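Worksheet: one structure, shown below.
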There are 2 protein chains.
Amino acid sequence: MQLTTKGRYAVTAMLDLASNDSTRPVTLDMISQRQNISLSYLEQLFAKLRKASLVKSIRGPGGGYLLNVDPVDVTLTEIIEAVDENIDLRRCHGSKNCLRGKQCLSHHLWCEVSDQIRGFLSSRNLQQVMDDYYTNQDIKVKLTV
Amino acid sequence: MQLTTKGRYAVTAMLDLASNDSTRPVTLDMISQRQNISLSYLEQLFAKLRKASLVKSIRGPGGGYLLNVDPVDVTLTEIIEAVDENIDLRRCHGSKNCLRGKQCLSHHLWCEVSDQIRGFLSSRNLQQVMDDYYTNQDIKVKLTV
DNA sequence: TTATACTTGACTATTTTACTTGGTTACTAG
DNA sequence: CTAGTAACCAAGTAAAATAGTCAAGTATAA
């Protein structure tokens with residue numbers, strides 16, 4: 001994998017962008033304050049998110065970042081892989097030579113687990129996670145799931 | 001989490017134990033050679049597996065380790081958590097105070113992901129993984145799934 | 001033209017993982 | 001009984017990944 005702070009921060013930051021009705025760009029400074037994430041760390045993450053075309057940037061005063069995609073069209077896997085490399089538990093990373101040229105006792109297992117996690121994260125898009133959040137905050141909004 | 005080499009090694013070692021028909025104890029030295037894992041690292045892992053009552057040890061010449069449970073009764077979650085702490089992606093680890101005392105935008109999400117992974121790993125026992133392995137090695141054995 | 005805000009790259013600190021070393025203790029085969 | 005085997009234990013180290021910092025830029029809107 002790994003699924004760690006880096007991926008979580010990326011998803012959180014994207015959620016922040018998606019929440020703030022995005023006609024106006026959002027500065028990293030705002031996200032940093034709202035989500036309690038180090039500004040300089042956000043800079044690194046957004047460089048990667050931009051390379052992955054998930055966000056676009058506007059420079060200068062009044063500038064900031066905007067989503068470059070519809071929240072319905074971004075899966076969590078895309079976000080996480082954009083900053084986090086890959087979701088792959090296999091020691092051999094697919095080459096099947098984990099144990100002296102052969103595949104190890106648990107090779108197939110780790111393939112399955114990786115697929116499961118990736119599958120789950122791919123089945124969720126930004127919009128759904130936002131909806132989930134507001135549902136769980138007891139701000140009952142009628143959802144069209 | 002994390003799902004990393006440590007957890008993989010533990011599962012692999014348990015699979016090795018389960019494969020070797022376990023009337024005779026298996027030495028860590030044997031597992032180390034067969035699975036290509038450092039002996040001293042195995043010692044650390046087996047200390048934890050023993051504390052979790054997943055294996056039992058026999059000292060002295062002819063000694064070694066034996067499974068302390070039926071392979072059908074050990075889930076992968078049990079093994080991994082025995083050496084790896086916990087499978088929990090949440091920053092707050094459940095206290096729901098991830099963001100200034102409140103739960104963060106993606107709190108519910110990480111609960112779900114953690115549950116998914118844990119659920120999957122809990123649905124698999126040692127025996128199944130062994131069977132899987134031999135199936136995928138083209139040693140076609142009739143399985144009762 | 002100046003303040004704002006993104007961009008970059010290198011650098012540091014911390015944590016975790018993986019592994020090593022050097023023992024001690026329990027046991028048993030001979 | 002004793003010598004050797006193998007578990008057990010405690011530190012410490014190495015390497016990698018994660019998390020975060022710093023400083024010097026560049027583009028742009030007001």
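Owing to the predicted nature of the structure, the values given are computational and were not obtained by experimental measurement. Excluded from the calculations below are hydrogen atoms, water molecules and symmetry mates; all remaining heavy atoms, backbone and side chain alike, are included. Throughout, protein chains are lettered first and strands after them, A, B, ... in sequence-line order, and every chain is numbered starting at 1.
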- prompt: Side chain of A:T4: nearest nucleotide among D:dC22, D:dG20, D:dT18?
  reply: D:dT18
query: To the nearest Å, how far apart are A:F46 CZ and C:dT8 C1'?
result: 17 Å
- request: Verify side chain to side chain donor-acceptor pair (under 3.5 Å) between A:E78 and A:T75, making sure each step is shown before the conclusion.
  value: CA-CA 5 Å; A:E78 289 177 78; A:T75 69; 3.2 Å; yes
query: What is the distance, rounded to the nearest whole Å, between atom CG of A:L45 and atom P of D:dA19?
result: 9 Å
- prompt: Are OP1 or OP2 of D:dT18 and a side-chain N or O of A:Y9 less than 4.0 angstrom apart?
  reply: no
When the side chains of residues 54-70 of chain B are checked against the rest of the protein, which donor-acceptor pairs come out under 3.5 Å, sequence neighbours left out?
from	atom 1	to	atom 2	distance (Å)
B:N68	ND2	B:S53	O	3.0
B:D70	OD1	B:V72	N	2.9

query: What is the distance, rounded to the nearest whole Å, between atom CD of B:Q44 and atom P of C:dT17?
result: 12 Å
message: Is any side-chain heavy atom of A:I31 closer than 4.5 Å to one of A:T12?
response: no
- line: A correct 5'-to-3' footprint of nucleotides 24-30 of chain D, with B, S and - meaning base, sugar-phosphate only and no protein heavy atom under 4.0 Å, is --BSBB-
Whole-Å distance separating the NZ atom of B:K56 from the C1' atom of C:dA26: 18 Å
- request: Might you point out which heavy atoms bring A:N125 and A:P71 nearest each other, and give the distance in Å?
  value: CB-O, 3.6 Å
query: Can you tell me how far C1' of D:dA7 sits from NZ of B:K48, to the nearest Å?
result: 17 Å
field: Nearest to side-chain heavy atoms of B:T5, which nucleotide of D:dT18, D:dA23, C:dA18
entry: C:dA18
query: Which whole-number value in Å describes the distance from A:K51 NZ to C:dT7 P?
result: 10 Å
- prompt: Between A:M130 and A:A18, what is the shortest heavy-atom contact and its length?
  reply: SD-CB, 3.5 Å
task: Using whole Å, report how far CG of A:L28 lies from P of C:dC6.
output: 5 Å
- request: Give a yes/no answer on whether the side chain of A:S57 brings an N or O atom under 4.0 Å of OP1 or OP2 in C:dA5.
  value: no
- prompt: Expressed in angstrom and rounded to an integer, what is the separation of A:E43 atom CD from D:dA23 atom P?
  reply: 13 Å
task: Considering non-hydrogen atoms only, spot the tightest contact between B:R118 and B:T77 and give its length.
output: O-OG1, 3.2 Å
query: Hey, does A:S40 reach any base, or is it just sugar-phosphate, or nothing, if we go heavy atoms under 4.0 Å?
result: base
Any A:Y41 side-chain nitrogen or oxygen under 4.0 Å from OP1 or OP2 of D:dT18: no
task: Would you kindly compare A:T27 and B:L39 by the position of their nearest DNA chain C nucleotide and give the one closer to the 5′ end?
output: A:T27
query: Does a side chain donor of either A:D132 or A:Q128 reach within less than 3.5 Å of an acceptor in the other side chain?
result: no
